[in-house]
Asks: 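Take this structure, written in structure tokens, and hold onto it; I'll ask about it next.
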Number of protein chains: 4
Amino acid sequence: MKTTSLSKGTSRLEERRRAQQGRTAHGDERRQELIQTAYRLIAEKGVGGLRTRDVAALVGINTATLHYYFPTKEHLLQAVAQQLGYAFTTSPAPGTSAGDGANTPSEQMEAYFASLAYQLRTTPERFVVMNELFFAASRDERLAGALEVDTHWQAYLNSILEEGVKQGSFRSDLNVEQTALTIIAFCKGLPLLQSQPDSLDKIITSFKNWFFSMTATAIEKRTSSRHKRE
Amino acid sequence: MKTTSLSKGTSRLEERRRAQQGRTAHGDERRQELIQTAYRLIAEKGVGGLRTRDVAALVGINTATLHYYFPTKEHLLQAVAQQLGYAFTTSPAPGTSAGDGANTPSEQMEAYFASLAYQLRTTPERFVVMNELFFAASRDERLAGALEVDTHWQAYLNSILEEGVKQGSFRSDLNVEQTALTIIAFCKGLPLLQSQPDSLDKIITSFKNWFFSMTATAIEKRTSSRHKRE
Amino acid sequence: MKTTSLSKGTSRLEERRRAQQGRTAHGDERRQELIQTAYRLIAEKGVGGLRTRDVAALVGINTATLHYYFPTKEHLLQAVAQQLGYAFTTSPAPGTSAGDGANTPSEQMEAYFASLAYQLRTTPERFVVMNELFFAASRDERLAGALEVDTHWQAYLNSILEEGVKQGSFRSDLNVEQTALTIIAFCKGLPLLQSQPDSLDKIITSFKNWFFSMTATAIEKRTSSRHKRE
Amino acid sequence: MKTTSLSKGTSRLEERRRAQQGRTAHGDERRQELIQTAYRLIAEKGVGGLRTRDVAALVGINTATLHYYFPTKEHLLQAVAQQLGYAFTTSPAPGTSAGDGANTPSEQMEAYFASLAYQLRTTPERFVVMNELFFAASRDERLAGALEVDTHWQAYLNSILEEGVKQGSFRSDLNVEQTALTIIAFCKGLPLLQSQPDSLDKIITSFKNWFFSMTATAIEKRTSSRHKRE
DNA sequence: TATGAATGAGTGTTCATTCAT
DNA sequence: CATGAATGAACACTCATTCAT
């Protein structure tokens, strides 16, 4: 784990203090516990509603102890943001193998949308937390640094799309970046919909069809085959 | 600092009505001023960063006076939410006539996307505030009640799409609701993208093409005609 | 009373807030009460031992109310420092008329030393507080700005000494500034002595004799006349 | 950063002694290191600004380890105070031989003032720390016990002055105690002056002249001889 | 309408100190 | 000897809200 230290006002004394702080197995566990709890609370009450007291209380430690692990609320937030960045493209729907290089890009995208639907059903808070952190980051540079969800996300989609273009399963004139961003925008907006979670599945399917019909080399074929499933 | 506005202009009729309810014209101005200022501050600092003190100070009144107009911070928030709901579908790009029944549904949607791009360029805070309020609403029922953006929004898109289906310019088997929601999801996610605002235009164009190619009765024609412009 | 506002990190919003704060008679009384109480507590526990809680409690108000009058602990400290600066040369021993232009400079200095002895006996905390604030100021520029004791003090002594030189009661080659600073140094060091307060009188007398014997035009005459009193 | 030192150098004999008491040479070094560091930090941030954490960090040990050597912050403070007491009269200006019984008392006093000026120039923090500790001591009896600067100081001056009176170089009716205290008061007040350190030299010279003109058996002679130098 | 004054309930953070290992 | 972990008790400061005037 990269040491998150992008704070600015730290004196040399402060630095020296922290540098000496060793890492134990127990300590890292606590760290994780705190991050997880903060994550859960952000999902519940939002970043603005997050209280260090609550995090500490839920973990069962003193507030001061929390500050032993995270000198500042923001450091905690950064840790949450950082972990979220990694978590976002690494947990595909079970049974599918999104991310595996074994499949064709088309199948990968298919799996990706399936995974998206799955995650929206099982861990919708992940999207909530991401958006919460994103908003917080837009007002705090230091948080923005730690929150690289989009970077990872876009890179992931880019690689699939490019591969698809190369292999001929996607249109050769496909603008990879724009497509990736369009998908991300859609994904980010999805959990912001004030509609029942049940309808999300359908909307994803609908969007998926749009995607395939627009990117597929042979538009007609894919579109028609999709329509049957819908 | 550009003055962002979501006011709609109180007619004289309205003034008279309010006056009979014990509300003076001056009082309503103050009310509006406060709402506007709150709106601006939410755009800047987020709902969580909104301070009644700041709102009052910017308007030039005492904090206590603010509470005369809005007994609670939440009442103020509700007022902002309410106005936002109306404002969202009523300010098309200048020169276009989105919303006018005079045009064909296809042209209306075309205008809609143009308006979207225009608004994202000129008043991006509106989307920020909307999302901010949405998050706040997800934790506060009373706010949720006041924030009916989605309702208005979806109704607006539904009406266009349905008319389009009726007139034959959109596919007859088009699932109007799903399509509307897909568009809304995309729109909501757009301002959450961590990319340069310049690229938003392109992404919108890209999405617009998807939309038309999927909904148009004659796919081939529209798609090809689009591609030329792009 | 000059408005003490030499803070740096205040946003425009903050400024606007404070600017609107009017001054009432009642408010100014409270202000004074708080300053006095802070002064007393500094005398007791030192600047480092000053707690806003204690100040508020002694005055009988909520801690938050204290912050209504003084946005920061330091603003309170500044107010104390400022008042101390004025108070230091304006309260002569009763019965004497130090500061009056009616007397000769020699008599004024005589009265000054008498006043010094008197003040050390009656309000020794004043010196303690002054030194406390001085130390605090040496680590805080903003405090230093408000604490102009030395400036006032030196100006006061300078004027007397200069007048004395002009009138011929003090040596014509007297270095006024050095003499003033020597006296101030002595005065500042006095309350730092770990000896019984009773002996302070004698030491002051001793120092006074030094002063007069060194500054008097006719050394022999004054010295001998002094010795009789001692 | 210039290394300020108030250590005195532990002899081997001392080491052996301590070792028998359960104190190792290494332990004593650490002890000294901690005291020195505390001393330096007091000079920088004042007694109130001293943090055990900082002391430990600068020495390179854990805070808990510091408490092994000094069970309480106050014990550490006491140790600093104690060492300061000794250090205050034992480091004369190099080249002079203040403290040596070989010279006449007048020369000793001359050397003393020279040393004072020298110390104020080279190690002004010593005076700062002394005053800091003095203030702290005035609120803490235990510290006061350890801080016997004045006792040592006065004893030192007394011995010189008494010897001078005996030898006839100082006035026979000189009140030794009062004179010593006057000098100490002046010395203590000196570093509290808000003036440029350059002017301190002149003020000391000025005061020295006062001293000699008042104490010398033949006033006229010394005074005139002084004036030439000034 | 408007305000100065006042407040309760937090809010993140600090710090000397303790203790098992 | 040394340390990582933990904590109680503060601490300055914030903020929405209330109320007499």
Side-chain angles (χ1 to χ4, degrees), chain A residues 17 20-31 49-56 59-76, chain B residues 22-24 26-27 30 49-56 60-76, chain C residues 17 20-31 49-56 59-76, chain D residues 22-24 26-27 30 49-56 60-76:
Chain A
R17 270 196 221 155
Q20 278 161 9
Q21 220 180 88
R23 289 268 161 89
T24 2
H26 173 66
D28 270 355
E29 273 177 40
R30 268 281 144 88
R31 245 186 164 66
L50 182 68
R51 306 285 167 238
T52 52
R53 273 171 158 76
D54 295 345
V55 178
V59 170
I61 61 172
N62 190 292
T63 322
T65 310
L66 181 146
H67 280 92
Y68 172 76
Y69 289 99
F70 299 96
T72 287
K73 190 186 182 181
E74 215 181 274
H75 283 256
L76 174 59
Chain B
R23 289 192 178 169
T24 62
H26 175 66
R30 270 281 146 87
L50 182 69
R51 306 281 168 245
T52 52
R53 280 180 165 157
D54 295 344
V55 177
I61 62 172
N62 190 290
T63 321
T65 311
L66 180 145
H67 278 88
Y68 171 81
Y69 292 98
F70 298 97
T72 288
K73 190 186 182 180
E74 224 185 82
H75 284 261
L76 174 59
Chain C
R17 269 196 221 155
Q20 279 163 8
Q21 217 180 92
R23 289 269 161 88
T24 2
H26 173 66
D28 270 355
E29 273 176 41
R30 268 281 142 89
R31 247 186 163 65
L50 182 69
R51 305 285 167 239
T52 52
R53 275 172 156 74
D54 296 345
V55 178
V59 170
I61 61 172
N62 189 293
T63 322
T65 311
L66 182 146
H67 280 93
Y68 171 76
Y69 290 99
F70 298 97
T72 287
K73 190 187 183 180
E74 215 181 275
H75 282 258
L76 175 58
Chain D
R23 288 189 179 173
T24 61
H26 176 63
R30 270 280 147 88
L50 182 69
R51 305 281 168 246
T52 52
R53 280 181 165 156
D54 296 342
V55 177
I61 61 172
N62 189 288
T63 322
T65 311
L66 181 145
H67 278 88
Y68 172 81
Y69 291 99
F70 298 96
T72 290
K73 190 187 184 180
E74 225 187 81
H75 285 262
L76 174 59

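All values reported here derive from a predicted model rather than from experimental measurement.
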Asks: What is the distance from NZ of C:K73 to P of F:dT14, rounded to the nearest Å?
Replies: 14 Å
Asks: Hey, does B:L66 reach any base, or is it just sugar-phosphate, or nothing, if we go heavy atoms under 4.0 Å?
Replies: nothing
Asks: Across the strands shown, which category fits A:L76 at heavy-atom distances under 4.0 angstrom: base, sugar-phosphate, nothing?
Replies: nothing
Asks: If you assign C:D54 and B:F70 each to the DNA chain F nucleotide with the nearest heavy atom, which residue ends up on the more 5' nucleotide?
Replies: C:D54
Asks: To the closest 0.5 Å, what do you measure between CG (C:L66) and CG (C:N62)?
Replies: 9.5 Å
Asks: Students often get this wrong, so: under 4.0 angstrom with heavy atoms, is B:Y69 touching a base, only sugar-phosphate, or nothing?
Replies: sugar-phosphate
Asks: Under 4.0 Å between a side-chain N or O of B:N62 and OP1 or OP2 of E:dA2?
Replies: no
Asks: Look only at the side chain of B:K73 and the backbone of B:H67, and say whether a donor-acceptor pair between them is shorter than 3.5 Å.
Replies: no
Asks: Quick one: B:L50 CG to F:dT14 C1', roughly how many Å, whole number?
Replies: 14 Å
Asks: Quick one: A:H67 NE2 to F:dG4 C1', roughly how many Å, whole number?
Replies: 18 Å
Asks: On DNA chain F, nearest-nucleotide positions of C:T52 versus B:A64: which is more 5'?
Replies: C:T52
Asks: Starting at CZ of C:R51 and ending at P of F:dA9, how long is that distance when rounded to a whole Å?
Replies: 16 Å
Asks: Check whether D:Y68 forms a cation-pi arrangement with D:R30 (NZ or CZ under 6.0 Å from the six-membered ring centre, at most 45° off the ring normal).
Replies: no
Asks: Starting from P on E:dA5, measure out to CD on C:E29 and report it in whole angstrom.
Replies: 11 Å
Asks: Quick check for you: to the nearest 0.5 Å, what is the distance between A:T65 atom OG1 and A:I61 atom CD1?
Replies: 5.0 Å
Asks: Under 4.0 Å, heavy atoms only, any strand: does D:T63 hit a base, just the sugar-phosphate, or nothing?
Replies: base
Asks: Could you provide the dot-bracket string of DNA chain E, using ( ) for intrastrand pairs, [ ] for crossing pairs and | for bases paired to another strand, with Watson-Crick or G-U pairs below 3.5 Å?
Replies: .||||||||||||||||||||
Asks: Verify the contact: side-chain N or O of C:R30 to OP1 or OP2 of E:dA6, cut-off strictly under 4.0 Å; return yes or no.
Replies: yes
Asks: Expressed as a whole number of angstroms, how long is the span from A:Y68:OH to E:dC19:C1'?
Replies: 13 Å
Asks: When the distance from CD1 of A:I61 to C1' of E:dC19 is rounded to whole Å, what number comes out?
Replies: 17 Å
Asks: Mind calculating the distance between CD (A:E74) and P (E:dG12) to the nearest angstrom?
Replies: 13 Å
Asks: Hey, is the side chain of A:H26 poking within less than 4.0 Å of OP1 or OP2 on F:dA6, counting only N and O atoms?
Replies: yes
Asks: Has B:T65 got a side-chain N or O lying under 4.0 Å from the OP1 or OP2 atom of E:dT3?
Replies: yes
Asks: When you measure from the side-chain N and O atoms of A:R53 to the phosphate of E:dG10, is any distance below 4.0 Å, counting only OP1 and OP2?
Replies: no
Asks: Hey, could you give me the CG/OG1 distance between A:L76 and A:T52, rounded to the nearest 0.5 Å?
Replies: 8.5 Å
Asks: Could you go through the side-chain contact (heavy atoms from CB on, under 4.5 Å) check for B:H75 and B:Y69 one step at a time?
Replies: CA-CA 9 Å; B:H75 284 261; B:Y69 292 98; over 6 Å; no
